[in-house]
Amino acid sequence: MRKQLVLPVTLIAAISVAATACQSPSGSGSASANSAHTPATASSATDYNPTPYDRIKDGGTYTTVGTFDDQGNPFNGNAMDTAYKIWAWYNADAITYSPTGDVQYNPDYFSDVKVSMEGGNQRVTLTINPKAVFNDGTPIDWTAIRATWKANNGSDKAYAVSSTDGYDQITSVTKGKDAKQAVITFRGVNPSWSSLFTTFLHPKAATVANFNNAYVKKAHPEWGAGPYTVGRWDAHSGDVTFVRNPKWWGKKGKLDKRVFVNLEWTAAINAFKNGQLDLVPATDAEGLKQIKGLKGTEIRSGGSPFEYSLYLNTRSPVLADKTVRKAIEESIDRTQIARIQFQGMDYSEPLPGSAILYSFQKGYQDNVAAVLKYAPDEAKKALDAAGWKPGSDGIRVKNGKKLALDYPLYDSDPLGKATAGALRAMLQSVGVRLDIRKSAQADYADVMLNHTFDLALSGFRSDTPFGMSHLCEAYCSDSINNYAGAGTPTLDREIHAVSRISDLTEQIRKANEVERRALQEYAFLPLYSGPTNLGVKKGLANVGASIFYSPLPEMVGWEK
């Protein structure tokens with residue numbers, strides 16, 4: 001499963017292990033994205049204090065900022081990044097990845113995994129740990145794998161799924177030698193199949209009603225499994241506490257408690273300084289300055305599997321014209337946006353060129369540069385030709401309507417304000433007015449899912465290395481996460497064909513080719529990724545800048 005779940009920039013920073021930062025668009029901080037000192041790829045460095053299980057002490061509490069999402073089912077298309085972070089602490093973590101993306105099977109769930117071929121079709125046989133059981137006593141067996149597949153394969157449109165990619169390539173999930181073995185048969189080959197079953201659903205959670213509604217602002221620990229379970233779920237404060245699960249059969253969790261505290265960003269920095277939090281992201285140079293050098297703490301820095309992008313809503317009357325969308329994108333100086341984000345952070349990276357792979361991954365290509373360049377003069381000519389003529393105030397007009405775009409801003413911190421101000425100035429220079437609308441963070445999902453914007457900045461996180469297998473999630477015309485609403489039936493068919501390519505190298509090559517065509521819809525523009533900078537109490541094990549690695553809950557704790 002890939003957690004490509006989007007949030008407003010400021011909210012991402014408050015709950016995630018990766019963050020971006022800025023002070024002002026005109027400062028003289030670190031090198032810009034196109035400076036002579038810019039590395040060839042974004043950072044793939046890790047810094048998370050890897051510690052063996054037997055060197056982690058029993059007991060203790062681990063507390064960070066965070067809260068539950070409105071939609072707590074991470075398979076649901078309305079879920080945000082928060083959903084998986086909370087889910088992973090009281091549900092199955094069956095498959096994880098190393099920082100570089102190597103697959104790691106958790107023997108507490110899958111005691112054996114075999115991949116074979118029959119008649120040109122891939123078959124995956126999962127042998128489930130005989131002791132594995134959900135908290136309500138229901139055995140974890142092949143029916144959980146089948147239920148997860150059926151809910152996500154797209155055959156029943158009543159399920160509000162995040163993505164059908166990969167699940168729709170499965171032709172059957174059947175019982176193997178006994179109920180503790182699931183046999184998954186694919187149409188053709190899916191080289192990234194492991195991302196589909198990193199976790200799974202209790203069969204009761206996989207009905208349409210429960211899939212869509214049961215986890216809305218609620219937890220269902222009885223349908224979960226793992227070393228921890230819900231101890232306190234405070235619907236009023238938003239705080240969540242996980243405690244050891246007495247029904248867990250596997251490797252014991254080291255912590256007594258895992259606590260998420262619902263705090264605003266400034267309050268989180270202060271709470272860390274006061275010793276109330278064990279970890280906090282540094283989202284700008286000022287935040288980094290405040291937490292650097294605190295007694296008993298350290299800064300853990302590295303790369304991130306994040307990308308922030310600009311969405312152009314094709315359902316907007318003004319942006320329905322592709323010519324206008326292309327002109328908007330040509331007017332945006334991504335180098336300046338990157339300079340804003342990384343001001344004072346001693347960090348630089350190349351401009352991102354893809355939504356499917358990061359520049360530090362094998363097979364990455366700069367697909368944005370292949371189809372678009374920063375060319376405001378060309379943008380002016382295109383808008384002139386499209387009938388948008390400058391008015392007396394410099395803002396273009398066509399048929400009595402001004403070329404004005406709505407841009408939601410979810411916070412008034414310097415980063416958000418500086419980015420919005422820079423975009424406004426860039427667009428104004430070509431005769432486009434950007435109306436910045438202050439919005440509540442709580443409205444973010446509604447704004448994006450209901451397409452009530454013209455331009456919007458949003459981000460996603462990849463928890464698996466198989467981004468090319470999620471072309472459809474980003475670009476299919478009917479994808480719930482295609483916030484721009486762009487695409488065509490022809491492009492959809494090409495995208496689906498990529499998922500049927502059995503050779504991983506060829507799949508990546510073809511995915512890059514198709515992405516270049518998708519980017520020529522000019523509705524989606526990758527802007528920046530950014531570093532991970534975390535203030536962490538010394539001794540915290542297996543937590544930090546870790547790219548694709550998410551530690552199993554029982555591997556998180558305090559060094560002996």
Side-chain angles (χ1 to χ4, degrees), residues 1-3 53 72-75 79 83-98 101-115 122-136 138-153 162-163 166-167 170 173 175-176 178-184 186 190-206 215 220-221 223-229 242 245 247-253 462-466 469 542 546 548-556:
M1 176 181 177
R2 181 176 189 244
K3 280 70 71 176
Y53 182 80
N73 173 11
F75 292 98
Y84 191 82
K85 292 180 182 301
I86 298 295
W87 177 274
W89 278 91
Y90 77 107
N91 288 279
D93 293 283
I95 300 176
T96 57
Y97 299 90
S98 73
D102 295 327
V103 181
Q104 301 172 329
Y105 303 115
N106 186 347
D108 284 335
Y109 294 101
F110 299 147
S111 56
D112 187 61
V113 177
K114 284 189 170 62
V115 180
Q122 179 176 285
R123 175 173 289 182
V124 177
T125 302
L126 301 176
T127 302
I128 300 164
N129 190 315
K131 298 179 181 178
V133 62
F134 289 105
N135 291 335
D136 69 353
T138 302
I140 296 176
D141 60 18
W142 75 281
T143 61
I145 305 302
R146 180 182 62 177
T148 302
W149 162 58
K150 285 193 170 183
N152 288 282
N153 65 17
S162 175
S163 174
Y167 298 104
I170 297 173
V173 175
K175 183 171 70 172
D178 56 34
K180 283 288 186 174
Q181 192 173 76
V183 180
I184 308 165
F186 288 82
N190 186 326
S192 57
W193 72 267
S194 62
S195 64
L196 306 177
F197 298 103
T198 57
T199 187
F200 44 78
L201 293 165
H202 190 297
K204 290 182 180 178
Y215 290 95
H220 282 279
W223 296 340
Y228 296 93
T229 189
F242 296 101
N245 183 3
K247 299 180 180 179
W248 175 238
W249 62 88
K251 189 177 287 187
K252 176 185 175 183
S462 302
D463 278 2
T464 80
F466 305 116
S469 68
N542 298 313
S546 55
F548 296 117
Y549 172 66
S550 292
L552 295 173
E554 59 266 32
M555 293 299 295
V556 177

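Scope of the values below: all heavy atoms of this structure, side chains included, with no hydrogens, waters or symmetry mates.
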Chemist: Applying side-chain contact (heavy atoms from CB on, under 4.5 Å) to K175 and V183, what does each step give before you reach the verdict?
Modeler: CA-CA 6 Å; K175 183 171 70 172; V183 180; over 6 Å; no

Chemist: Are the aromatic ring centres of Y228 and W248 under 6.0 angstrom apart?
Modeler: no

Chemist: According to the side-chain hydrogen bond (donor to acceptor under 3.5 Å, both in side chains) rule, which pairs have a member within residues 144-153, sequence neighbours left out?
Modeler: N153-S155

Chemist: Atom OG of S98 and atom CZ of F548: how far apart are they, to the nearest 0.5 Å?
Modeler: 9.5 Å

Chemist: What's the shortest heavy-atom distance between W223 and A205, and which atoms?
Modeler: CE3-CB, 3.6 Å

Chemist: Is a side-chain donor or acceptor of K251 paired with a backbone partner of M555 at a separation under 3.5 angstrom?
Modeler: no

Chemist: Can you list everything that forms a side-chain contact (heavy atoms from CB on, under 4.5 Å) with P221? Sequence neighbours excluded, please.
Modeler: Y90, A219, T229, V230

Chemist: Can you give me the closest heavy-atom contact between W249 and A225, atom names plus distance?
Modeler: CH2-CB, 4.0 Å

Chemist: Between atom OG1 of T198 and atom CG of N106, what is the distance when rounded to the nearest 0.5 Å?
Modeler: 11.5 Å

Chemist: Is the side chain of K180 donor-acceptor paired with the backbone N or O of A132 at a distance under 3.5 Å, no angle test?
Modeler: yes

Chemist: Looking only at heavy atoms, what is the nearest atom pair of A94 and F200, with distance?
Modeler: CB-CE2, 4.0 Å

Chemist: Between F197 and Y167, how do the two ring planes meet: parallel, tilted or perpendicular, split at 30° and 60°?
Modeler: perpendicular

Chemist: Which pair of heavy atoms, one from A92 and one from T199, lies closest together, and at what distance?
Modeler: O-OG1, 2.7 Å

Chemist: Hey, what do you get for CH2 (W193) to CZ (F186), rounding to the nearest 0.5 Å?
Modeler: 7.5 Å

Chemist: Report the C-alpha separation of V113 and T125 in whole Å, then their side-chain angles, then the decisive distance to 0.1 Å, and conclude whether the side-chain contact (heavy atoms from CB on, under 4.5 Å) test is met.
Modeler: CA-CA 6 Å; V113 177; T125 302; over 6 Å; no

Chemist: For Q181, check side-chain hydrogen bond (donor to acceptor under 3.5 Å, both in side chains) against everything at least two apart and list the hits.
Modeler: T127

Chemist: Nearest 0.5 Å please: distance from the CD1 atom of I170 over to the CG atom of N190.
Modeler: 7.5 Å

Chemist: Pick one: which of K247, H202, H220 meets side-chain hydrogen bond (donor to acceptor under 3.5 Å, both in side chains) with D136?
Modeler: H202

Chemist: Taking all non-hydrogen atoms of both residues into account, name the closest pair between F134 and P203 and its distance.
Modeler: CE1-CD, 4.0 Å

Chemist: With a 4.5 Å heavy-atom cut-off, do N245 and P227 have their side chains touching?
Modeler: no

Chemist: side-chain contact (heavy atoms from CB on, under 4.5 Å) for Y549 and D463? Distances and angles first, verdict last.
Modeler: CA-CA 7 Å; Y549 172 66; D463 278 2; over 6 Å; no

Chemist: Please give me the minimum heavy-atom distance between A88 and P553, naming the atom from each residue.
Modeler: O-CG, 3.5 Å

Chemist: In sequence, state the C-alpha distance, the side-chain angles, and the governing distance for D141 and D178, and then conclude on side-chain contact (heavy atoms from CB on, under 4.5 Å).
Modeler: CA-CA 9 Å; D141 60 18; D178 56 34; over 6 Å; no

Chemist: Could you state the interatomic distance from OG1 (T143) to CD1 (I128), rounded to the nearest 0.5 Å?
Modeler: 8.0 Å

